[in-house]
Amino acid sequence: MRPVDAVITKFVDETPSTRTIFFDTFFEQVPGQFVMVWVRGVDEIPMALSYENAITVHKAGEATSALFELDECDSIGIRGPFGNGFGISGKNILLISGGVGAAPLAPLAERAASSGISVTTMLGAIKKDELLFGKRFETAGKVLIATDDGSEGRKGYVTDLLDDNDVDADRFDSIYCCGPEPMMKKVLDSSIIPEKVQFSLHRYFKCGIGVCGACCIDGLRVCKDGPVFRGDVLKDTEFGKFKRDGCGCKVKV
Amino acid sequence: MRPVDAVITKFVDETPSTRTIFFDTFFEQVPGQFVMVWVRGVDEIPMALSYENAITVHKAGEATSALFELDECDSIGIRGPFGNGFGISGKNILLISGGVGAAPLAPLAERAASSGISVTTMLGAIKKDELLFGKRFETAGKVLIATDDGSEGRKGYVTDLLDDNDVDADRFDSIYCCGPEPMMKKVLDSSIIPEKVQFSLHRYFKCGIGVCGACCIDGLRVCKDGPVFRGDVLKDTEFGKFKRDGCGCKVKV
Amino acid sequence: MLTTKISGLELKNPLMLAAGIMGTTGGSLKRMARCGAGAVITKSIGIEPKPGHPNPTMVKLRCGYLNAMGLPNPSYKLFQPEIDEAKHAGVPVIASIFGVDASEFSVIAGAINADAFELNVSCPHAEGYGAEIGTDPALVEGITKAVKNATDAPVWVKLTPNVADITETGLAAQKGGADAVVAINTLRGMAIDIESGHPILGNRFGGLSGHGIKPVAVKCVHDLYSALDIPVIGCGGISGWEDVVEFIMAGARAVQIGSAVGDNINIFSDISSCLEAFLSLKLWTLDDIYGMVHEI
Amino acid sequence: MLTTKISGLELKNPLMLAAGIMGTTGGSLKRMARCGAGAVITKSIGIEPKPGHPNPTMVKLRCGYLNAMGLPNPSYKLFQPEIDEAKHAGVPVIASIFGVDASEFSVIAGAINADAFELNVSCPHAEGYGAEIGTDPALVEGITKAVKNATDAPVWVKLTPNVADITETGLAAQKGGADAVVAINTLRGMAIDIESGHPILGNRFGGLSGHGIKPVAVKCVHDLYSALDIPVIGCGGISGWEDVVEFIMAGARAVQIGSAVGDNINIFSDISSCLEAFLSLKLWTLDDIYGMVHEI
Ligand SMILES: Cc1cc2nc3c(=O)[nH]c(=O)nc-3n(C[C@H](O)[C@H](O)[C@H](O)COP(=O)(O)OP(=O)(O)OC[C@H]3O[C@@H](n4cnc5c(N)ncnc54)[C@H](O)[C@@H]3O)c2cc1C
Ligand SMILES: Cc1cc2nc3c(=O)[nH]c(=O)nc-3n(C[C@H](O)[C@H](O)[C@H](O)COP(=O)(O)OP(=O)(O)OC[C@H]3O[C@@H](n4cnc5c(N)ncnc54)[C@H](O)[C@@H]3O)c2cc1C
Ligand SMILES: Cc1cc2nc3c(=O)[nH]c(=O)nc-3n(C[C@H](O)[C@H](O)[C@H](O)COP(=O)(O)O)c2cc1C
Ligand SMILES: Cc1cc2nc3c(=O)[nH]c(=O)nc-3n(C[C@H](O)[C@H](O)[C@H](O)COP(=O)(O)O)c2cc1C
Ligand code: FES
Ligand code: FES
């Protein structure tokens with residue numbers, strides 16, 4: 001498919017480093033799928049849909065910075081949604097979110113809550129004002145917070161909350177996790193049964209449609225077979241250890 | 001579409017010059033549509049489907065002769081059905097058939113009769129044993145016969161039957177006509193209201209799918225806009241006067 | 001709003017009927033003009049009547065069409081009445097012509113009366129004619145020059161994409177005095193019947209047209225626009241108004257539509273109205289989008 | 001029943017993974033081999049690490065795909081471990097390599113250990129590499145010769161269809177000592193975003209692959225089979241078993257599958273079983289249909 005022209009209707013600054021960009025086009029998605037966002041003349045990058053008509057961008061480099069410089073009525077090109085989203089199952093689910101990992105998890109929380117599923121979210125960020133979509137997760141269910149500097153909630157990584165007595169991971173039917181890879185690796189290596197956890201992965205995407213192989217983890221295409229994978233599939237793979245740069249060179253995560 | 005491989009299952013010699021070739025593949029059609037019949041290595045020619053799984057071939061030249069030389073289990077390539085078939089309407093219909101023009105009209109007669117329409121057929125041929133599908137038309141309704149040499153029925157052209165008192169063309173809701181072009185021209189030029197008559201035309205087909213224009217009558221594509229046309233559409237055209245040969249040169253009908 | 005001028009011809013819209021489609025008779029050309037074409041090109045006309053290749057001459061594939069008609073035509077000696085009849089529809093009628101060498105081309109152009117000539121040096125499946133000439137810049141230049149001397153009408157040269165670099169033959173046409181180039185003719189292609197091993201076309205191989213070749217055609221137009229001073233007419237795989245916009249943005253002054261006429265005889269008026277609506281919505285004119293991709 | 005031998009390599013079936021698809025990592029090559037490929041070709045490997053072109057690098061069109069990856073690769077210095085890992089799947093691993101001249105090609109071929117080399121002289125969108133070399137028969141011959149001197153492994157040359165006559169470069173490869181040719185790489189193409197006038201690919205233009213180019217590829221294979229003595233490997237637009245039959249009938253000893261892997265990762269095993277069933281039904285062997293169209 002060619003990029004769909006999506007005209008920007010509104011910006012919402014969510015945190016000092018993340019901004020939600022709303023557009024005039026709605027995309028039906030399974031939360032966890034992604035779209036390719038084309039900033040014309042700059043680059044095209046993968047993004048979760050944080051709403052059916054919005055992406056939430058964390059400023060990371062050239063393309064994401066260019067997204068911050070757009071104005072209302074400017075347009076971006078959107079292809080997708082692509083890939084496999086989260087499979088929602090169980091009556092009682094846990095979300096583990098780190099940083100901008102909240103972008104695909106917030107619509108998941110809302111969809112699950114609206115079908116009567118009990119949703120608990122462990123929400124982490126580097127500091128209080130970087131906590132993303134706190135309100136949306138609260139509306140959907142219970143929220144536990146961790147910040148690296150302790151400015152809100154538990155001080156430390158969001159995964160540390162698992163060690164607390166607050167959360168008994170075993171009592172959840174399904175667990176959904178998105179955030180920085182080292183954080184997700186901690187979850188995979190924890191005592192939680194890996195079959196129970198669905199991880200939404202990030203890799204360097206080129207084609208985004210399962211052809212080129214740039215995004216592979218041990219042969220699994222993150223763009224097409226993922227980006228959501230069950231933990232057992234990721235065990236004993238490069239996940240959490242190595243990734244590939246734009247040239248395909250192995251680099252440490 | 002690519003040619004479908006149709007394996008020949010049976011031959012029926014209908015008359016000294018026509019043979020029905022049955023194959024193992026069924027094509028759903030509106031009677032009056034045509035298929036392109038590919039005799040590999042020889043030529044591809046347009047043919048009516050005389051049954052859902054058969055064509056009835058009159059030996060005319062190279063390709064039709066090649067069709068007569070095939071054996072059971074040989075195969076031909078079939079593309080189609082293409083074009084617009086007869087529109088069946090009314091309670092009381094008249095078919096006017098000349099020679100191998102019976103090929104598209106016989107399935108029409110059967111389909112009409114089976115939906116309770118009263119079918120009368122004027123069936124013509126050069127002589128008695130060249131009368132095609134007499135039985136099929138009789139099963140469907142009343143049949144009036146004419147032969148050029150008078151060996152059966154009225155002596156003369158099938159159109160002469162219109163002058164008889166036997167047939168009052170005006171009392172039919174719709175009239176369907178297929179045969180040699182001069183015969184069809186007579187029907188068009190008769191006193192019958194042209195809006196009432198549907199003619200199935202023959203022209204030299206190349207592409208068969210409405211692109212090349214080889215089959216045009218005053219801009220009408222016989223292969224795509226036809227091969228069935230209402231009489232009023234054909235009034236004051238080249239129909240019955242000129243046709244085009246393989247080079248596109250005008251030749252007298 | 002869609003009016004365009006190309007090599008002196010005024011067109012009510014930039015959409016022309018491509019050569020070889022509905023182009024053998026005055027009646028069919030007239031019909032296409034009445035169906036909304038801004039101009040019509042005839043079937044390619046040669047020196048002698050030619051029946052072309054045996055059937056199958058055309059097959060629809062999953063992406064596009066393959067054809068090898070073999071340039072059937074009644075010859076230039078018989079063709080003038082068809083052009084004259086086509087003229088009654090009130091749009092320019094362009095004669096597509098072919099030959100084995102410059103002298104055949106000039107004889108035909110000298111004898112025929114048409115609003116412009118399109119030189120078919122690009123048919124991929126007619127031995128001795130067509131692409132065998134059209135891949136050689138020197139021949140293209142020579143033939144163009146000869147035809148320019150034989151007629152006062154504008155001369156367009158239709159190019160083949162079956163070359164390493166289409167700007168070489170485009171520049172040769174320009175050097176020969178062409179008023180415009182047309183890109184592209186069909187891509188060489190072949191289809192085989194797997195039930196029998198027979199090539200499907202009577203001529204064994206043929207030319208690929210239709211939607212699948214559009215990206216190739218757009219790239220050719222893009223390159224020719226950069227390299228040439230004369231206008232480029234785009235052709236290849238157009239089946240909707242979006243395709244026309246893409247060609248014009250790539251650098252086409254006008255476009256031609258061929259295969260897609262088969263499934264939609266009203267394609268010219270359909271595209272015209274959608275194109276107008278698109279331009280209005282965008283507050284653009286045809287001139288605004290002409291060659292737009294080169295400014296970016 | 002599907003076993004084939006090509007330039008000394010034994011294949012369990014004639015279906016190979018094409019270069020540039022799932023070919024950057026040992027893991028992905030291994031997966032494709034386990035999914036049923038008879039052999040796998042690596043991403044094209046060059047002298048230095050290369051990130052390739054900016055995104056968008058690939059877009060799916062109505063007929064086929066357009067891509068301009070820009071030959072991203074980690075360089076031959078880092079690539080041997082990926083090949084070694086891929087070898088664990090038990091099928092031949094062919095290294096696709098590219099360079100600016102004969103000496104770059106030979107350096108890489110001399111340093112890499114693989115079951116065969118495929119010389120990519122045909123990428124249509126990598127400046128200085130690829131098709132700029134591959135349209136010049138003298139360069140093709142020279143590079144082939146140099147690589148043959150640098151390695152004992154079989155050498156295949158992958159040809160571009162963006163030429164007037166592909167048999168000229170095919171013959172050049174043969175003269176240079178190639179053990180087989182592969183036809184075809186992508187067709188030059190372009191797509192434009194009509195909302196903005198921007199070319200859709202980051203590199204502006206790219207290469208067309210997928211179903212739409214199959215008739216072009218089949219014709220190239222047909223012509224090469226007629227002209228050359230060395231075997232031809234077909235590639236371009238294969239998405240089903242019927243396509244494979246068509247290529248083999250045209251004269252391909254084996255085939256490669258690229259774009260279609262995206263939508264069907266199991267395409268190799270799917271095609272293998274259908275191909276076997278077809279051959280059984282027809283009482284044919286692969287040898288029976290090999291080049292069949294030429295006997296008709
Ligand atoms: C499935 C998926 C969903 C994502 N969802 C979001 C989201 O909702 N919000 C958000 O802010 N970010 C999201 N990202 C990450 C986002 O794609 C990168 O932050 C972005 O590509 C950075 O581009 P840049 O030019 O700004 O940074 P650069 O300066 O180019 O690089 C910064 C880092 O971003 C990564 N990156 C660069 N280009 C790509 C690419 N083409 N594909 C993947 N990673 C790349 C690289 O690892 C690099 O280290 C997602 C990534 C994936 C794979
Ligand atoms: C819509 C349609 C339906 C037809 N249905 C039947 C049918 O059911 N039974 C039947 O016997 N015949 C039918 N015909 C006529 C049949 O197509 C011709 O008799 C046949 O093409 C003759 O081919 P040939 O090679 O045997 O003869 P040739 O020696 O090639 O020519 C004999 C005559 O057949 C005509 N002809 C040749 N090639 C073509 C062609 N490609 N397209 C059209 N006409 C051609 C020419 O006018 C020529 O004068 C139909 C024709 C059309 C257009
Ligand atoms: C059936 C058919 C006949 C054609 N005949 C001619 C011809 O006589 N002269 C010519 O220059 N091009 C001829 N062409 C090429 C078309 O004019 C056009 O260049 C090509 O089909 C690409 O456009 P399209 O994709 O819109 O069909 C023919 C194409 C087709 C499909
Ligand atoms: C994303 C992508 C990357 C490619 N990279 C290479 C490459 O590195 N080297 C090469 O020789 N061919 C490359 N090709 C060309 C393919 O190997 C193949 O020749 C072409 O895509 C036609 O086959 P297909 O239609 O089956 O895809 C690439 C094709 C695609 C789609
Ligand atoms: S980015 Fe190309 S396969 Fe995933
Ligand atoms: S035969 Fe080509 S349009 Fe009818």
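Throughout, a chain's letter reflects where its sequence line sits, starting with A, and its residues are numbered from 1.
Looking only at heavy-atom pairs under 4.5 Å with chain D, the residue among C:Gly212, C:Gly206, C:Gly197 that has the most is C:Gly197. Of the listed residues (D:Gly189, D:Ala217, D:Ala191), the greatest number of heavy-atom pairs within a distance under 4.5 Å of chain C belongs to D:Gly189. Counting heavy-atom pairs closer than 4.5 Å to chain C, the top residue among D:Asp193, D:Ile213, D:Leu208 is D:Leu208. Per-residue counts of heavy-atom pairs under 4.5 Å with chain C were compared for D:Val216, D:Ile166, D:Leu66, D:Ile192; the largest is that of D:Ile192.
Both the backbone and the side chain of C:Ile194 come within contact range of chain D, judged by heavy atoms closer than 4.5 Å. Contact annotation for D:Leu61: only side-chain heavy atoms (C-beta onward) come within less than 4.5 Å of a heavy atom of chain C.
For residues 181-206 of chain C, no residue pair satisfies the ring-ring contact (aromatic ring centres under 6.0 Å, His included) rule, not counting sequence neighbours.
Contact annotation: the side chain of D:Met190 never approaches that of C:Pro215 to less than 4.5 Å [non-hydrogen atoms, C-beta and beyond]. Taking the side chain as every heavy atom from C-beta outward, D:Val163 and C:Val163 never approach each other to under 4.5 Å.
Within residues 238-255 of chain D, the residues having any heavy atom closer than 4.5 Å to a heavy atom of chain C are D:Ser239, D:Trp241, D:Glu242, D:Val245, D:Glu246, D:Met249, D:Ala250, listed by residue number. Against chain C, the residues from residues 274-296 of chain D that qualify, each with a non-hydrogen atom under 4.5 angstrom away, are D:Phe278, D:Lys282, D:Trp284, D:Met292, D:Val293, D:His294, D:Ile296 in number order. Using non-hydrogen atoms only and a strict 4.5 Å limit, the part of residues 218-226 of chain C facing chain D consists of C:Val218, C:Lys219, C:His222.
Here the side chain of D:Arg188 pairs a donor or acceptor atom with the backbone of C:Ala164 at under 3.5 angstrom.
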Are D:Asp165 and C:Asn162 close enough, and set up right, to give a side chain to side chain contact (heavy atoms under 4.5 Å, CB included), and what steps lead you there?
CA-CA 8 Å; D:Asp165 181 358; C:Asn162 301 303; over 6 Å; no
